[in-house]
Structure formats: C-alpha cells, structure tokens
Amino acid sequence: MHSGISRPRRAAAGLAALVTAVMFCAADAVARSYPFGPRTRTVNDLGNQYVPFHAHLWDLLHGRADGGLLVNWQSGYGSSFLPDLGTYLTSPFALLVAVFPRDEIDLAVYVITVLKVACAAAAMAWLLLTLRPGRWWAAGLLGASYALCGWTVAAAVYNLMWLDGLIALPLLCLAGEWILHQRRPLLGVLVVAGAWIANFYTAYMATLAAGLVLLLRLALSGLPSRRKAAVAGRAGLTAALGTGLAAPLVTVIYFGTQHASPGRFTEFKPVGAEDLLARLLPTTYSFGSPALFVGTTALLLALALPFHRAAPRRVRAGWTLLVAGVTLSMQWDPTHLLWHAFAAPQAARTGRPSWCARCW
C-alpha cells in the first residue's frame, strides 16, 4: 500500500526535476550563457563573492587553503571566514565543488545551481501530492513551475545560497504535514535543522511561510480545539529543536555580521498596485517589489481557485485569504521587516545598519 502511494510522488518528483533542469539549461543555451556559450555568468556578487568562496572551499577540502575555517588569508589582506562559511557554504550541495577540477569552479557552481533548482521542483511536486492526491504529471509540471518562478530566474540563480530556501519551503510544509498526522517526529526536526544550516536567512522566511500553511491546514482540518492545540505545540517544539541544532552555526553568523559594513539606506515605500499585480506575470521585471510569477498556467489555476465550486467553500476562502494576506504583508513596513528577519533587503531602511548586510 505504501509503495503504491509513493509511486506517483516519485514519478511527479522525477518529472519536475527533469523538466526544470532541461528548461533551465535550454534557456542558458538559447542565451549563449556559460557553459553553453561565451557570455559569462560570474559578474557582480556571483563573480566577486560566491565563486571565490566556493574556490576557497575547494582549497579547504583538498588541503590547499591559505588559512582555515576561522581566517581566510586568500581574501584581500585576510578576513574572518567562519561567518562567510555559515552564510554561503553550509549547503550540502556546496560540497559537490570538491569533485570538480580547481580551474572549473565556475562550472561547479553552475551544476550546483541547476541541482538546487531541480531539487526544489521535486520537493514541491512531492508536497502537492501529499496535500491532495491527483495526477502525477500535473503535480510534476506545477513543481517545475514553482522552481522556475520569477524570483528564481531573476535573482536567486545569481545568489545561489538563496536557492536552499526554495528547497526548504516545500520540505518544511511537508514536515508540517507529518506533525499534523503525528508521523516522523525526528525527521521533522532534522528537516528544520538542515534548512537553517543550509541557509539561515531564507530558512527563516520559509519557516514563517510553512507555519502559516500549517495554521491554515489546522483551521480547515475540523479537529477539536484540544487536538489543534496539541498539533501547534508539536510544531513549535519541532521548530525549536531544529533551530536549536542549527544554533551553533547561526549564532556565529549573527555575531559575525554585527561587524559587517552597513549597506545603503533608503526609506521603505510600498509599490503601486499596477506594479504589484504586473509582476505576477512572466516577462516583467522591477527591482525592489514583491514578485513571484510562476507561469501563466499556474497563475490561472491559482486565480481560478476562489471560483472552483468542486472545492469546499472554506478551503477556497482560506487559501485565497492566506495568499492575499501574505501579498499585502509585503506592502506594510512592519510585516515587510518581519518577513526579512527585521532587516530590509539591501539594508534598505533609514536610521540603523542591517545585521544581515553581509547576506546581501
């Protein structure tokens, strides 16, 4: 029985990963971007920070580094390395750099990027069939749509540590399902810990989002109040234990970034309704406002949910209100800061330095 249930999930996850990897590489091939053409990807932060950090990790893994985990003498006149390690290189995928030649670090970073995006697609496809049985191929295509969303292709693929958050969101939602159904308590803790170790910044946001999804699932579950409180308590305990396991690394990053140079400062301003709604559509781009286009088909499916009478009214209302609430929360300064760990992106807030400036 269990094997029969898991087979569609495996098929959906495999299809999602395959479609995502093929489309991602095909787009770079059409654009003649590295490694399929002469146009380099290693510019700005990717070229000046992330690729060199992966090169230093290669040196560490092969015993050739000038320095160690505490100090990186290959960076300028020397700098502390442990906060940088925790911020950029603690993803399990980063270790794959060791199997590439030293002069092919660019290729290693590209392969890691593709693998991360493909894994995010597979995780979302698996989650969709966990939430509700359905056609495996549809879940696979929706998983690919999620992984290739606008945030991914416009920003995260050039800040590859953020892609761990793209993977973490469906995995944390899956852990929430285990909590709801009283299954796999230890694995749930390990999922939370792994997400926070891989990249604490995006894991923070993914944890908030997964928590909201779990609260909605609880509200729609029809369980007695006592059972709901027990599930919420188990969720809080799982999150606390998982982040506690990651705390030795996260605290190093926190205190290390206290000494980072502050970024530029601007006052938060919500964007206009036209810009906000336009960025739901593919082929649109505007820096500094919420955007998560996931392709026209997925967008139409999401917008059709409130009018889909086959779904229960409470389900339609609950998910619609959640999506609308999260979107509007990006437009209000206090909740905008809450989503971004109380440090606006690019340190874009007047009056105080961002403790997460090093992340950006």
Side-chain angles (χ1 to χ4, degrees), residues 44-46 48-54 56-57 60 69 80-97 108-124 146-147 149 151-175 188-211 238-239 242-258 260 263 292 338-347 354-360:
N44 295 331
D45 290 349
L46 180 62
N48 295 318
Q49 294 185 67
Y50 313 141
V51 170
F53 281 146
H54 281 79
H56 185 65
L57 178 63
L60 281 173
L69 293 178
S80 60
F81 183 64
L82 200 55
D84 290 331
L85 176 72
T87 303
Y88 304 109
L89 298 171
T90 44
S91 171
F93 292 90
L95 297 175
L96 295 175
V97 75
V109 169
Y110 183 83
V111 171
I112 290 170
T113 301
V114 175
L115 288 176
K116 284 187 178 186
V117 179
C119 286
M124 179 54 75
Y146 161 78
C149 69
W151 175 79
T152 300
V153 298
V157 294
Y158 303 105
N159 300 271
L160 69 161
M161 67 281 182
W162 294 349
L163 292 172
D164 291 288
L166 195 71
I167 302 170
L169 177 58
L171 290 182
L172 290 170
C173 289
L174 189 60
V189 172
L190 295 178
V191 166
V192 174
W196 279 74
I197 290 171
N199 183 252
F200 80 97
Y201 186 58
T202 52
Y204 165 85
M205 303 176 195
T207 302
L208 287 182
T238 300
T243 53
L245 288 175
L249 177 69
V250 175
T251 51
V252 168
I253 301 169
Y254 176 84
F255 290 111
T257 51
Q258 291 285 348
L292 189 66
L338 175 64
W339 277 111
H340 294 96
F342 303 99
Q346 299 289 352
S354 164
W355 70 268
C356 201
R358 183 179 288 242
C359 305
W360 295 85

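Owing to the predicted nature of the structure, the values given are computational and were not obtained by experimental measurement.
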Candidate pair L166 and L163, rule side chain to side chain contact (heavy atoms under 4.5 Å, CB included), full reasoning = CA-CA 5 Å; L166 195 71; L163 292 172; 4.2 Å; yes
Do [X] and [Y] have side-chain heavy atoms sitting under 4.5 Å apart?
X    : Y    : value
V250 : Y204 : no
L69  : L60  : yes
V111 : L96  : no

To the closest 0.5 Å, what do you measure between [atom1] ([X]) and [atom2] ([Y])?
X    : Y    : atom1 : atom2 : value
L160 : Y110 : CG    : OH    : 12.5 Å
T87  : Y201 : OG1   : OH    : 11.5 Å
F53  : N48  : CZ    : CG    : 10.5 Å
M205 : L169 : CE    : CG    : 12.0 Å

query = What pairs meet the salt bridge (charged side-chain N to carboxylate O under 4.0 Å, His left out) rule with one or both residues in residues 188-210, with sequence neighbours excluded?
reply =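 Every pair satisfying salt bridge (charged side-chain N to carboxylate O under 4.0 Å, His left out) with a residue in residues 188-210: there are none.
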Under the side chain to side chain donor-acceptor pair (under 3.5 Å) test, which residues partner [X], sequence neighbours left out?
X    : value
H54  : none
T202 : N199
Y146 : none
D164 : S91, K116

query = Any luck finding a side-chain donor-acceptor pair between N159 and Y50 under 3.5 Å?
reply = yes
task = Would you please name every residue forming a side chain to side chain contact (heavy atoms under 4.5 Å, CB included) with L95, sequence neighbours left out?
result =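 Checked L95 against side chain to side chain contact (heavy atoms under 4.5 Å, CB included); matches are L61.
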task = Might you work through the side chain to side chain contact (heavy atoms under 4.5 Å, CB included) test for F200 and I253, ending with a clear yes or no?
result = CA-CA 9 Å; F200 80 97; I253 301 169; 3.4 Å; yes
query = So V97 and V109, side chain to side chain contact (heavy atoms under 4.5 Å, CB included) or not? Walk me through it.
reply = CA-CA 7 Å; V97 75; V109 169; 5.7 Å; no
Full working for side chain to side chain contact (heavy atoms under 4.5 Å, CB included) between L82 and L85 = CA-CA 5 Å; L82 200 55; L85 176 72; 4.0 Å; yes
